[in-house]
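The structure under discussion appears below in the form of C-alpha cells.
In what follows, residues are counted from 1 in the order of the sequence shown. None of these values were measured; they are calculated from a predicted model. Read the numbers this way: they start at 1 and go in the same order the structure lists the ligands and their atoms.
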Amino acid sequence: MENIFRIAIDGPSGAGKSTIAKAVAKALNIDYIDTGAMYRAVGFKMNRDGVPFDADDPALEAMLANTDIDFVRGDIILDGEVVNDVIRTPEVSMLASQCSSLAPVREKLVEIQRGMGMRKSVIMDGRDIGTNVLKDAEFKIFLTASAEERASRRFKELQEKGETQTYEEVLEDIKQRDYNDMTRELNPLCKADDAIEVDTTGHGIEEVVDTVLDIIRNEE
Ligand code: DC
C-alpha cells in the first residue's frame, strides 16, 4: 500500500459509520476522523452561546473565527475542552443537522477536514467525504441500513445512556435527519459514483468490518 491513503465512509445517520470506521482505523493503524462530531460541536456551541442559525448573521462569522476543533487521542476538543459526551444527546443531533446546512459552517469545517486528510493516512466518516471533502480518496465506502434497523440500534444506545426517547421518536428523528441531510442544498448526503455501497442491515459489526477491510485490500 502507498505511504499515505485516505478512506472515505459516508452514509445516513445510524448506519454504523463511526463504529466501523474506528475498528478499521485500528486494524490498519491509521487515524479516525469523525466529521459528524465536528458539526455536533459547532451546533452545541451555537446553541450554548445563543448564536442564530442564520448563514448571514455576523455573530455566526465571529463565532466561527473564534472556534477551534481538534481530535486528540480519540477525544474531540472544542476550544480546549473535551466535549465527547455533551455532543451525543438527541438535542445536539438535531442542532448538528441544522447547522450543517449553513454555508459558513461547512466552509470552516471542510477546510479543517481537508487539512487533516493531507498530512497522514486517515479514515474519515460523514456525509460528503467521498463527494466533496476528500474527492480523490483512494477508497470510498457508502454504508447504509434500513431506517428501522438504524433506529433500533440508536434506541438501544440511548437506553443504555438513560435517555428517555421512545423507539417511535428515535425513528422519526432518523427520518427527519435523513430528509435534512439528503435535501439540503450544500453537499447533501449522496453516494459518490465511485463509492462501494455496503448495506449493513442484518449484519454484525465484525462482519461489516471484514467486508470493508476486504474491499480495501482487494483494491490495493
Ligand atoms: O454523523 P453524525 O450523526 O454525528 O452527524 C451529525 C450531523 O452532522 C448530521 O445530521 C449531518 C451533519 N454532517 C454533515 O452534514 N456532513 C458531514 N460530513 C458529517 C455530518
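Note on Phe71: it clusters hydrophobically with Val105, by side-chain heavy-atom contacts below 4.5 Å among ILVMFWY residues.
For the atom pair His203 NE2 and Asp210 CG, the distance stands at 12.5 Å (nearest 0.5 Å). Note: Lys140 NZ to Ile7 CD1 = 13.0 Å, rounded to the nearest 0.5 Å.
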Exercise answer, ligand 1 polar atom pairs (N/O) under 3.5 angstrom:
| residue | atom | partner | partner atom | Å |
| --- | --- | --- | --- | --- |
| ligand 1 | 1 (O) | Arg127 | NH1 | 2.9 |
| ligand 1 | 1 (O) | Arg127 | NH2 | 3.3 |
| ligand 1 | 3 (O) | Arg40 | NH2 | 3.1 |
| ligand 1 | 3 (O) | Arg127 | NH2 | 3.3 |
| ligand 1 | 3 (O) | Arg177 | NH2 | 2.6 |
| ligand 1 | 4 (O) | Arg40 | NE | 2.7 |
| ligand 1 | 4 (O) | Arg40 | NH2 | 3.4 |
| ligand 1 | 10 (O) | Asp181 | OD1 | 3.4 |
| ligand 1 | 10 (O) | Asp181 | OD2 | 3.4 |
| ligand 1 | 15 (O) | Ser100 | OG | 3.4 |
| ligand 1 | 15 (O) | Arg106 | NH1 | 2.8 |
| ligand 1 | 15 (O) | Arg106 | NH2 | 3.4 |
| ligand 1 | 15 (O) | Arg184 | NH1 | 3.0 |
| ligand 1 | 15 (O) | Arg184 | NH2 | 3.1 |
| ligand 1 | 16 (N) | Arg106 | NH2 | 3.1 |
| ligand 1 | 18 (N) | Thr35 | OG1 | 3.0 |
| ligand 1 | 18 (N) | Arg127 | N | 3.2 |
| ligand 1 | 18 (N) | Asp128 | OD1 | 2.8 |

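Under 3.5 Å, the side chains of Thr200 and Arg150 contain no donor-acceptor pair of N or O atoms.
Applying the salt bridge (charged side-chain N to carboxylate O under 4.0 Å, His left out) test to every pair with at least one member in residues 11-40, sequence neighbours left out, gives these pairs: Asp31-Lys120, Asp34-Arg88.
Pairing each heavy atom of Val42 with each of Cys99, the nearest pair is CG1-SG, 4.1 Å.
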